[in-house]
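See structure below.
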Amino acid sequence: MKVDSAKICLIFREMADFLSIKGENPFRVRAYERTAETLEHLPGDLEELHRGGRLADIPGIGKGMLEKIDTILNTGRLPAHEKLKAEIPEGVRELLFIPEIGPKTVKLLHGTAKVANISDLEQFVKSGKLRDLPGMGAKTEENILRGIRLYRTSRARILLGKALPIVEEIVAELKNKASTWIERISPAGSLRRGKETIGDIDILVSSANSHPIMDAFVQLSPVEEVLAKGETKSSILTRQGLQMDLRVVLPDSFGAALQYFTGSKPHNINLRERAIKRGLKINEYGVFTQSGEKLGGKEEEEVYNLLDLPLIPPELREDRGEVEVAEAGKLPKLLENPEIKGDLHVHTQASDGTASIEDLIEKAKEKGYEYIAICDHSSSLRIGGGLSEKMLLAQIREIRNINCHLTDFQLLAGSEVDIKKDGSLDYPDDILKQLDIVVAALHTGFKQDEKTITDRVVKALQNPFVRIFAHPTGRLLGEREPYAIDLDKVLEVAKDKGIWLEINAQPQRLDLTDVWVMEAKKRGVKLAINTDAHNLQGLDLMTFGVVTARRGWLESSDVINTVPLEDLLKNLR
DNA sequence: GCCGTTTTCGGCCCGACTGTTTTCAGTCG
């Protein structure tokens with residue numbers, strides 16, 4: 001029997017929640033959470049990894065968890081889980097997801113007040129009965145009702161690409177309103193780590209005087225509601241329903257605080273445990289000896305150095321082995337934006353884009369590129385204004401013609417060729433061979449089963465003219481799940497055929513994902529970071545692709561569009 | 001439940017803010 005790995009992760013998540021509601025040892029709860037977290041980010045087939053004994057090497061997965069994984073893989077169920085699930089109604093677990101409500105409150109609500117779901121809770125609070133419970137007063141009533149509202153409306157994470165401009169605006173306004181007091185300012189949290197989606201936004205400021213900054217913060221123009229205001233920490237809710245936390249620390253602690261608030265949480269826990277082993281203590285104010293002597297904290301790098309580590313780039317701080325690799329002095333020299341020499345997947349107004357070739361060239365030159373590949377859609381993709389064979393041939397001629405007049409820059413004639421339902425390509429080979437670069441992609445048949453889709457892609461990648469497989473999983477964050485594709489198999493074929501996999505830089509795609517990027521690198525498969533731009537501004541999305549590459553530990557040598565034009569052309573021949 | 005260069009038992013990251021409390025528990029990140 002084949003057990004869905006998402007189902008296994010859910011079982012461990014639910015175990016953690018159930019046990020926390022029951023008031024179990026929080027460390028035991030954390031062990032389940034940690035296992036779920038680890039399994040969720042594991043590339044490859046869980047069952048295969050388990051049979052190969054590879055799970056046993058992962059920190060945090062011990063004998064007990066291995067046995068449970070084994071049980072689930074063999075039987076599809078976990079008895080302990082089923083017992084708890086029968087005991088705790090589904091709606092009760094959901095109470096945990098409401099902000100301001102934690103395991104203790106859920107236990108109280110369910111155990112004493114027999115509240116079984118969110119609407120129960122709402123009624124219970126509105127009827128005034130909540131106040132009869134110990135420790136519950138008027139403010140808590142208000143907070144819980146707001147929490148319910150928040151949970152029902154806007155608790156979804158937002159795209160990195162959406163969060164970034166909002167943060168830039170807020171930082172600018174704050175700088176403007178409290179410039180006298182702000183020494184340094186930086187976003188922190190998952191935004192700084194470049195995660196594809198952001199929950200809350202964290203901003204860190206160093207200053208000798210926090211009061212005027214806090215005052216300015218809670219009066220910023222996007223503020224809808226002030227959730228908390230203190231001397232070092234304040235939280236607000238923006239009109240878009242986004243929570244934003246501001247922390248203010250003294251200048252001598254800026255580095256330690258930035259490290260601390262950048263996270264991730266598991267990364268920080270790892271560092272702190274490491275500190276303890278060295279007789280040190282880390283908090284957001286600095287690194288201290290046991291006797292309380294401060295050793296550093298002004299710069300982030302000091303924190304790492306005091307733990308005998310080099311500075312670890314924020315994108316790597318996910319507790320995926322970065323601390324151990326840093327200790328061994330083997331951190332990758334991560335890809336940087338200026339190393340990108342061109343963009344190999346760009347649309348024009350000939351299909352569903354809005355930019356002209358001329359404008360694209362100008363913009364690309366401004367960005368310091370040496371080349372871009374024009375890759376409009378192929379004929380069968382009617383919705384994307386796909387080019388007929390005749391139109392494509394005309395575009396190729398146009399591109400060759402324009403190239404005659406270009407110096408220090410070259411257009412590549414390409415196409416984003418649709419992989420049809422049977423795995424054949426949308427243009428015949430005698431057309432494909434006239435192109436400089438062929439980017440193959442799926443745009444239809446997303447509901448096919450895993451074997452059908454994988455076979456289809458594998459067949460397409462066998463075509464000798466295909467060089468790039470675009471947006472390999474087809475996911476659209478928050479809109480569409482990835483199609484069922486066996487990426488393991490795709491990587492194998494890509495390695496064999498010298499196909500480059502795309503990191504599509506569109507913020508709602510970021511496809512491949514960081515963990516699969518890392519896996520591709522491990523397997524020796526090269527990546528192409530492309531914007532898939534449909535307008536001029538679209539070319540600026542490259543930075544999101546680079547961030548994803550960095551989160552996948554890529555160096556410039558892992559990425560094909562870091563090579564100069566001449567080498568790229570050699571490669572394409 | 002995990003883990004071990006002081007430990008196979010007894011720890012397990014650390015602090016801010018809030019609300020309901022007269023000294024602290026719960027939640028959050």
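We name chains A, B, ... by the order of the sequence lines, and we start the count at 1 in each one.
The side chain of A/Thr140 places an N or O atom within less than 4.0 Å of a non-bridging phosphate oxygen (OP1 or OP2) of B/dT20. Side-chain nitrogen and oxygen atoms of A/Asn143 include at least one within less than 4.0 Å of the OP1 or OP2 phosphate oxygen of B/dG19. Listed pair A/Arg28 / B/dC12 fails the phosphate criterion, with no side-chain N or O lying under 4.0 Å from OP1 or OP2. At the phosphate of B/dG15, OP1 or OP2 sits under 4.0 Å from a side-chain N or O atom of A/Asn283. For A/Lys265 and B/dC14, the shortest distance from a side-chain N or O to OP1 or OP2 is not below 4.0 Å. At the phosphate of B/dG1, OP1 or OP2 sits under 4.0 Å from a side-chain N or O atom of A/Lys68. The side chain of A/Tyr285 contributes an N or O atom lying less than 4.0 Å from OP1 or OP2 of B/dA16. Within the structure, a side-chain polar atom (N or O) of A/Thr232 is placed less than 4.0 Å from OP1 or OP2 of B/dC17. The side chain of A/Ser235 places no N or O atom within less than 4.0 Å of a non-bridging phosphate oxygen (OP1 or OP2) of B/dC17.
B/dG10 and B/dG15: their P atoms are spaced 25 Å apart (whole Å). Using C1' as the reference atom, B/dG1 and B/dT8 are 14 Å apart when rounded to the nearest Å. The separation of B/dC2 from B/dC13, taken at their P atoms, amounts to 15 Å, rounded to a whole angstrom. Taking atom P on both nucleotides, B/dT21 is separated from B/dG26 by 13 Å, rounded to a whole Å. A distance of about 13 Å separates the C1' atoms of B/dG11 and B/dT6, rounded to the whole Å.
Contacts of A/Leu271 with the nucleic acid, taken as non-hydrogen atoms under 4.0 Å apart, are absent. Contacts of A/Arg34 with the nucleic acid, taken as non-hydrogen atoms under 4.0 Å apart, are absent. Note on A/Pro26: nothing from the nucleic acid sits closer than 4.0 angstrom, heavy atoms only. If you check every strand for non-hydrogen atoms under 4.0 Å, A/Ala138 touches sugar and phosphate atoms only. A/Ser234 comes within contact range of no nucleotide atom at all, as no heavy-atom separation falls under 4.0 Å. Among the protein residues, A/Pro103 comes within range of the sugar-phosphate backbone only, with heavy atoms under 4.0 Å from sugar or phosphate atoms but none that close to a base. A/Lys281 comes within contact range of the sugar-phosphate backbone alone, with a heavy-atom separation under 4.0 Å but no base atom that close.
In this structure, A/Phe12 places its CZ atom 9 Å from P of B/dC2, rounding to the nearest Å. Residue A/Met244 contributes atom CE, which lies 17 Å from atom C1' of B/dC28 at whole-angstrom precision. The separation between A/Arg30 atom CZ and B/dC14 atom C1' is 12 Å, rounded to whole Å. To the nearest angstrom, P of B/dG29 lies 11 Å from OH of A/Tyr260. In this structure, A/Lys277 atom NZ and B/dG11 atom P are separated by 17 Å, rounded to whole Å. Rounding to whole angstrom units, CZ of residue A/Arg146 and P of B/dC28 are separated by 12 Å. When the P atom of B/dC13 is taken as reference, atom CD of A/Gln259 falls 15 Å away, rounded to whole Å. One can place CD of A/Glu273 at 19 Å from P of B/dG10, the figure rounded to the nearest angstrom.
Among all heavy-atom pairs drawn from A/Arg274 and A/Asp308, the shortest one is NH2-O, 4.0 Å. Here the closest non-hydrogen pair linking A/Asp202 and A/Phe261 is OD2-O, 4.3 Å.
The base of B/dG1 lies close enough to the side chain of A/Asn25 for a donor and an acceptor atom to sit less than 3.5 Å apart.
Taking for each of A/Lys104 and A/Met214 the nucleotide of DNA chain B with the nearest heavy atom, the 5'-most of the two is the partner of A/Met214. The residue among A/Lys229 and A/Glu284 whose nearest nucleotide of DNA chain B is located toward the 5' end is A/Glu284.
B/dG29 is paired with B/dC14 under the criterion used here, namely a Watson-Crick or G-U wobble arrangement in which both key atom distances are under 3.5 Å.
A/Lys162 has no carboxylate O lying under 4.0 Å from a charged side-chain N of A/Glu196, or vice versa, which leaves the two without a salt bridge. Salt bridge status for A/Arg13 with A/Glu37: present, with a side-chain N to carboxylate O gap under 4.0 Å.
Residue A/Arg272 has its side chain nearest to B/dC13 when only B/dG29, B/dG1, B/dC13 are considered. Of the candidate nucleotides B/dC13, B/dT20, B/dA16, B/dT20 has the atom lying nearest to any side-chain atom of A/Lys139.
For the 3.5 Å distance criterion, the side chains of A/Tyr151 and A/Glu94 qualify, holding a donor opposite an acceptor. Looking only at atom types and distance, the side chain of A/Asp319 has a donor-acceptor partner in the side chain of A/Asn270 under 3.5 Å away. Side-chain N/O atoms of A/Thr262 and A/Arg192 include a donor and acceptor closer than 3.5 Å.
Within 90° of 0 lies the glycosidic angle of B/dT7, which makes this nucleotide syn.
Summarising the local packing, NZ of A/Lys22 is surrounded by 12 or fewer heavy atoms from other residues, nucleotides or ligands at distances under 6.0 Å.
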